Amino acid sequence: MRYAYFPGCCDHTSGREYDISTRALCHALDVELVEIPGWSCCGSTPGHSTSHLLGIALAARNLALVAEMGLDCTASCAACYQRLAMANVEMQNDPRLCEKINWITGKTYHGGVKVKSIVEIIAELNPEQIISRLVKPLENLKIAVYYGCLMVRPKAVQVDDPENPLVMDHLLEAVGAKTVDWGSKTECCGASLAISNDDVVLKLTSKILADAARAGADCIATGCPLCHFNLDMRQKKINQVFGTDYQLPVFYFTQLIGLAIGLTPDNLSFNTHFIDTSKVLELVG
């Protein structure tokens with residue numbers, strides 16, 4: 001299987017653990033990721049918040065590059081996935097917009113590229129491709145699987161049910177983990193609002209961490225760099241502000257599946273988290 005891979009900006013910076021573990025896991029599972037030559041920012045939240053036209057154009061330029069490769073497209077970052085997928089839908093459904101965007105980008109693209117989240121790519125594999133490679137089943141690990149907003153909304157591009165998504169739960173259960181029943185799996189963490197209103201994000205993320213802790217989770221798994229950043233990096237400040245003592249490691253689902261099939265913690269970037277991951281490594285053995 002070959003896909004054009006859009007790594008996005010955050011996967012080279014604050015979300016580099018996701019990029020590293022995605023590439024490592026896909027290589028181990030015989031999924032070939034071909035990085036898009038000359039890719040550029042998808043616009044993420046700032047682009048489409050500033051200008052709808054700009055948001056579509058930034059993503060459409062990348063889709064045009066993918067079309068030239070003759071492949072379908074995947075992105076690990078949930079924000080990148082959503083922006084690419086939404087641009088694809090709008091370009092296909094609005095010929096006048098499509099014509100305007102093509103004039104702006106200087107590229108000719110009318111839709112046709114399939115855009116999938118890396119979550120979907122892994123979930124669509126034959127389960128035996130993963131199970132047959134199990135080296136360290138995650139049977140001692142209780143995981144709160146956190147989806148956030150971007151993968152399940154809006155309906156046109158959702159990867160699973162918006163209220164009770166289970167696609168990542170099933171993947172982690174397939175490698176032996178127990179996923180906890182909790183109510184915050186699609187609650188918003190505040191995303192990039194942290195730049196302009198830190199207080200709001202601290203309250204939102206504190207509630208998510210509290211719910212995961214009440215459910216007895218040993219860690220949180222996500223598929224979104226913005227969610228990971230807020231939940232992992234902000235735990236120390238949340239503890240200071242709210243008088244709590246959370247020490248919940250936050251992982252990308254690719255890191256945990258990679259660990260289960262025998263990839264090393266170093267190759268999965270376990271050592272670059274803000275919250276110590278050694279507790280989870282001890283539980284896995």
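As the structure is a computational prediction, the values presented were derived from the model and not from experiment. By convention here, the first residue in the shown sequence is residue 1.
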Got a salt bridge between Arg2 and Asp72, using NZ or NE/NH1/NH2 to carboxylate O under 4.0 Å?
-> no
Joint cluster assignment, Leu84 & Ile121, ILVMFWY side-chain distance < 4.5 Å | yes
Ignoring hydrogens and angles, tell me if any N or O in the side chain of Asp232 forms a donor-acceptor pair with the backbone of Ile275 under 3.5 Å.
-> yes
Is there a donor-acceptor pair under 3.5 Å between the side chain of Asn271 and the backbone N or O of Asp266?
-> no
Could you tell me whether a side-chain N or O of Asn140 sits under 3.5 Å from a main-chain N or O of Leu283, the two making a donor and an acceptor?
-> yes
Ala174 and Ile131 have their tightest heavy-atom pair at O-CG1, 3.9 Å
In terms of heavy-atom contacts, does CD of Glu99 have more than 12 from other residues, nucleotides or ligands at under 6.0 Å?
-> no
Non-hydrogen side-chain atoms of Val250 and Cys219 separated by less than 4.5 Å = no
Backbone of Thr272 reached by a side-chain donor or acceptor of Ser269 within 3.5 Å | no
Establish, from distance only, whether the side-chain atoms of Tyr81 and Thr74 form a donor-acceptor pair under 3.5 Å.
-> no
Result for side chain to side chain donor-acceptor pair (under 3.5 Å) between Arg234 and one of Thr205, Asp198, Asn239 points to Asp198
Here the pair of heavy atoms bringing Pro265 nearest to Leu281 is CG-CD2, 3.7 Å
Which ring-ring contact (aromatic ring centres under 6.0 Å, His included) pairs, counting each pair once, include a residue from residues 264-285, with sequence neighbours left out?
-> His228-His273, Phe251-Phe270, Phe251-His273
Could you give the distance from CG (Leu150) to OG (Ser117), rounded to the nearest 0.5 Å?
-> 10.5 Å
Same cluster or not: are Leu134 and Leu171 linked, directly or through other Ile, Leu, Val, Met, Phe, Trp or Tyr residues, by side-chain heavy atoms under 4.5 angstrom apart?
-> yes
In terms of heavy-atom contacts, Met151 and Ala78 come closest through CG-CB, 3.7 Å
Are Leu231 and Tyr146 side-chain neighbours, meaning at least one heavy-atom pair lies under 4.5 Å?
-> yes
Please determine if Lys203 and Asp199 form a salt bridge, counting it only when a charged side-chain N lies under 4.0 Å from a carboxylate O.
-> no
Under the salt bridge (Lys or Arg N to Asp or Glu O under 4.0 Å) rule, collect the residues that match up with Asp211, sequence neighbours excluded.
-> Arg214
Within-4.5 Å side-chain heavy-atom neighbours: Arg133 and Leu29 | yes
Check the pair Glu90 / His52 against side chain to side chain contact (heavy atoms under 4.5 Å, CB included), numbers first and verdict last.
-> CA-CA 11 Å; Glu90 296 205 37; His52 177 70; 2.9 Å; yes
On a heavy-atom basis, the closest approach of Ile208 and Cys188 is CD1-O, 3.8 Å
May I ask you to decide if Pro7's main-chain N or O and Asp19's side chain share a donor-acceptor pair within less than 3.5 Å?
-> no
Say whether Tyr18 and Val280 are linked into one hydrophobic cluster, either directly or through other cluster members, by side-chain heavy-atom distances under 4.5 angstrom.
-> yes
Please determine which of Gln82, Met86, Arg83 meets the side chain to side chain contact (heavy atoms under 4.5 Å, CB included) test together with Cys42.
-> Arg83
Would you say the side-chain atoms of Asp30 pair up with the backbone N or O of Cys26, donor to acceptor, closer than 3.5 Å?
-> no
Does NZ in Lys236 sit with more than 12 non-hydrogen atoms of other residues, nucleotides or ligands closer than 6.0 Å?
-> no
Side-chain touch Asp169/Lys185, heavy atoms, less than 4.5 angstrom = yes
For Leu248 and Ala212 the tightest heavy-atom approach is CD1-CB, 4.0 Å
Kindly say whether Arg61 contributes a backbone atom to a donor-acceptor pair with the side chain of Thr105 at under 3.5 angstrom?
-> no
Do side-chain atoms of Tyr147 reach the backbone of Met168 as a donor and acceptor pair under 3.5 angstrom?
-> yes
Under 4.5 Å between side-chain heavy atoms, hopping through other hydrophobics if needed: is there a path connecting Val201 to Ile238?
-> no
Audit row: Tyr5, Ser76, side chain to side chain donor-acceptor pair (under 3.5 Å) steps and yes/no = CA-CA 8 Å; Tyr5 178 53; Ser76 51; 3.3 Å; yes
Just by distance, do the side chain of Tyr109 and the backbone of Val113 share a donor-acceptor pair under 3.5 Å?
-> yes
In plain terms, say whether Lys178 and Glu139 are close enough for a salt bridge, that is, a side-chain N and a carboxylate O under 4.0 Å apart.
-> no
Check whether Leu202 and Phe229 end up in the same hydrophobic cluster, where Ile, Leu, Val, Met, Phe, Trp and Tyr are linked by side-chain heavy atoms less than 4.5 Å apart.
-> no
Hey, are the side chains of Asn62 and Phe6 touching, using non-hydrogen atoms and a 4.5 Å cut-off?
-> yes
Between Glu35 and Trp39: side-chain donor-acceptor atoms closer than 3.5 Å = yes
Please name the residue in the list Val152, Val159, Val145 that meets the side chain to side chain contact (heavy atoms under 4.5 Å, CB included) test with Pro165.
-> Val152
Find out whether Gln255 and Thr277 are in side-chain contact, i.e. whether some heavy atom of one side chain is under 4.5 Å from a heavy atom of the other.
-> no
Could you walk me through whether Asn102 and Lys107 pass side chain to side chain donor-acceptor pair (under 3.5 Å), step by step?
-> CA-CA 5 Å; Asn102 286 338; Lys107 299 279 186 182; over 6 Å; no
Side-chain contact, heavy-atom cut-off 4.5 Å: Asn267 with Ile20?
-> no
Validation row: Val180, Ile143 side chains within 4.5 angstrom (heavy atoms) | no
